[in-house]
Protein chains: 2
Amino acid sequence: MATGRTHRPATRSRGIPEATVARLPLYLRALTALSERSVPTVSSEELAAAAGVNSAKLRKDFSYLGSYGTRGVGYDVEYLVYQISRELGLTQDWPVVIVGIGNLGAALANYGGFASRGFRVAALIDADPNMAGKPVAGIPVQHTDELERIIQDNGVSIGVIATPAGAAQQVCDRLVAAGVTSILNFAPTVLSVPDGVDVRKVDLSIELQILAFHEQRKAGEEAAGEAAVPAAAGRGDSADQGPDGDVPAVMPA
Amino acid sequence: MATGRTHRPATRSRGIPEATVARLPLYLRALTALSERSVPTVSSEELAAAAGVNSAKLRKDFSYLGSYGTRGVGYDVEYLVYQISRELGLTQDWPVVIVGIGNLGAALANYGGFASRGFRVAALIDADPNMAGKPVAGIPVQHTDELERIIQDNGVSIGVIATPAGAAQQVCDRLVAAGVTSILNFAPTVLSVPDGVDVRKVDLSIELQILAFHEQRKAGEEAAGEAAVPAAAGRGDSADQGPDGDVPAVMPA
DNA sequence: ATGTCTTTGTGAACGCGTGCACAAAGATGG
DNA sequence: CCATCTTTGTGCACGCGTTCACAAAGACAT
């Protein structure tokens, strides 16, 4: 029985909608690209196009952060990059540990997108003793026994789980016990965590299954179309990326 | 779903909400686990717990598929596995190509979750001539030049892009031109595709940034709490974990 | 058969997110 | 300074998704 803690503080001051938060990194990426091209200002229309969203949505998103635009002109690129970075907490350094250095874990360790934005891979951890000491992406893998010490020594609050499904919950428990409060889970399992811990999951298999569903629907529609409806071309409902689109492939668990 | 084709008697499946579709793979996984343990039936409450969702939501989700439960008893596991598999299109074989066999591409090729559910890696494609012929996950890598032929020969309709950001749009265009209508994009770019093509994206960097946001919020709240708020009873409002619902607002400017 | 007990299926209310449309704000030119 | 033009910021309406709460449906015991 779920305790009805419908206790909403409702301190309406600075509540940024979750959907908006999920889009901020998108805007930030587009803005960074503009910044590198030394573009001084950008309109909501242009930036929205670059980020693949609706301009009204973008303006509303920014309105939650404050009024950083100039009417008749647009937004100052550099200033906006700074504001969004700050809002997302990217002006500080986030040490991250990756647990489970298999194919995926190694790929994550090598992934450039981590270091590029305030995230620093503080340690790689694996349960296989044979992996210990081996360098992956220039960082020596450490054994699971060291997990708690590593977390505490480095003040790690974000953990990435890339272990097999069977080990994920156990690893998760240890991470949480050691002080981690945010987890990015690549293992195909539902993790259960105490209140106050944030979990996001990325599941490749699920993404493919969702695609398969739409693919099947398209095929069925097409077949039905050939029998009854003329030319399905440009059907408005074919679930492309834009419309409902920004379902970010990841669900809070 | 922009077009309001509210007029379609349709036995079913015409209007399965996107949010429901995204949860079906989750249910399927939980059901498969039960099936392996030879559990004959399961209640909405139990299954919901296993899948990490609310039981009312689960029942409503299933109601879109039809009435497959028995009141007073629950759902027949095997039957439900079949129905969901069919709905998701997993009873057929989906050939998939992976383009970009770097660290991530190789990890995807080795990922077991693909083959396990009706997905078959039909080919691995990379632009590097040195990779050509090299086996990855037991499959020889082929050169990008072969892309169109491979797609057509194998009747591939689902493509996975794991290239660097710079190459993604070009690869995407070629995939689409060759007949691919569903794309899973791991490159950190917004892909633009014609109507009728489905794109889902998985972006590791974005996920981390979202976690960082919440992490920062937690830290700020905690600090503010120590300074002003008189210790709430056991901490009523910290974070979430459950449905993406909780967004306790409170942000220091 | 009848009553009781369990669990489903769903009507209805609610809240969040989206998109429209427009007034306000500021730039720019005369 | 005034007029005009561009673009932001947002009030509002709408639709989707979630949750509650309960009647209907079936199992099971007597």
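Protein chains get the first letters and strands the later ones, always in sequence-line order, with residue 1 at the start of each. Hydrogens, waters and symmetry mates play no part in the numbers below; they use all other heavy atoms, side chains included. Owing to the predicted nature of the structure, the values given are computational and were not obtained by experimental measurement.
Each of I183(A), N185(A), V197(A), V180(A) was compared with C172(A) under the side chain to side chain contact (heavy atoms under 4.5 Å, CB included) criterion, and only I183(A) meets it.
Atom P of nucleotide dT8(D) and atom CD of Q83(A) are separated by 17 Å, given to the nearest angstrom. Regarding Y64(B), its OH atom lies at a distance of 17 Å from the P atom of dT8(C), rounded to whole Å. If you measure from atom CG of D61(B) to atom P of dT18(D), you get 7 Å, rounded to the nearest angstrom. One can place CG of L47(B) at 16 Å from C1' of dG9(C), the figure rounded to the nearest angstrom. Separating the CD atom of E45(A) from the P atom of dT8(D) is a distance of 8 Å, rounded to the nearest angstrom. To the nearest angstrom, C1' of dT8(C) lies 14 Å from CD of E46(B). As a whole-Å value, the separation of K57(B) NZ from dC20(D) C1' is 14 Å. Note: CD1 (I16(B)) to C1' (dG17(D)) measures 15 Å, nearest angstrom.
Using a 4.5 Å cut-off on side-chain heavy atoms (C-beta onward), K218(A) and S182(B) make contact.
The stretch residues 58-73 of chain A participates, sequence neighbours left out, in these salt bridge (Lys or Arg N to Asp or Glu O under 4.0 Å) pairs: R23(A)-D61(A).
Looking at which nucleotide of DNA chain C each of N54(A) and R59(B) is closest to, the 5′-most match is held by R59(B). The nearest heavy atom of DNA chain D to A56(A) and to P17(B) marks one nucleotide each, and the one closer to the 5' end goes with A56(A).
The shortest heavy-atom contact between Y68(A) and Y79(A) is CD2-CE2, 3.6 Å. The two residues R29(B) and T189(A) come nearest to each other via the heavy atoms NH1-N, 3.9 Å. F186(A) and A162(A) get closest at one heavy-atom pair: CB-CA, 4.3 Å. The shortest heavy-atom contact between P25(B) and I210(A) is CG-CG1, 4.4 Å.
Comparing dT18(D), dT8(D), dG9(C) by their nearest atom to the side chain of S67(B) picks out dG9(C).
Looking at E45(A), its side chain never comes within 3.5 Å of a backbone N or O of S55(A) through a donor-acceptor pair. The closest donor-acceptor contact from the side chain of T32(A) to the backbone of L28(A) lies under 3.5 Å.
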Could you write out DNA chain D as a dot-bracket string, with dots for unpaired bases, | for bases paired across to another strand, and Watson-Crick or G-U pairs counted at under 3.5 Å?
||||||||||||||||||||||||||||||
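Within residues 70-78 of chain A, the residues approached by DNA chain C to less than 4.0 Å at the level of any non-hydrogen atom are R71(A), V73(A), in residue-number order.
Contact between the side-chain N/O atoms of S43(A) and the OP1/OP2 oxygens of dT7(D) is not found at any separation under 4.0 Å.
Checked by distance alone, K60(B) brings a side-chain donor or acceptor within 3.5 Å of a matching partner on the base of dT19(D).
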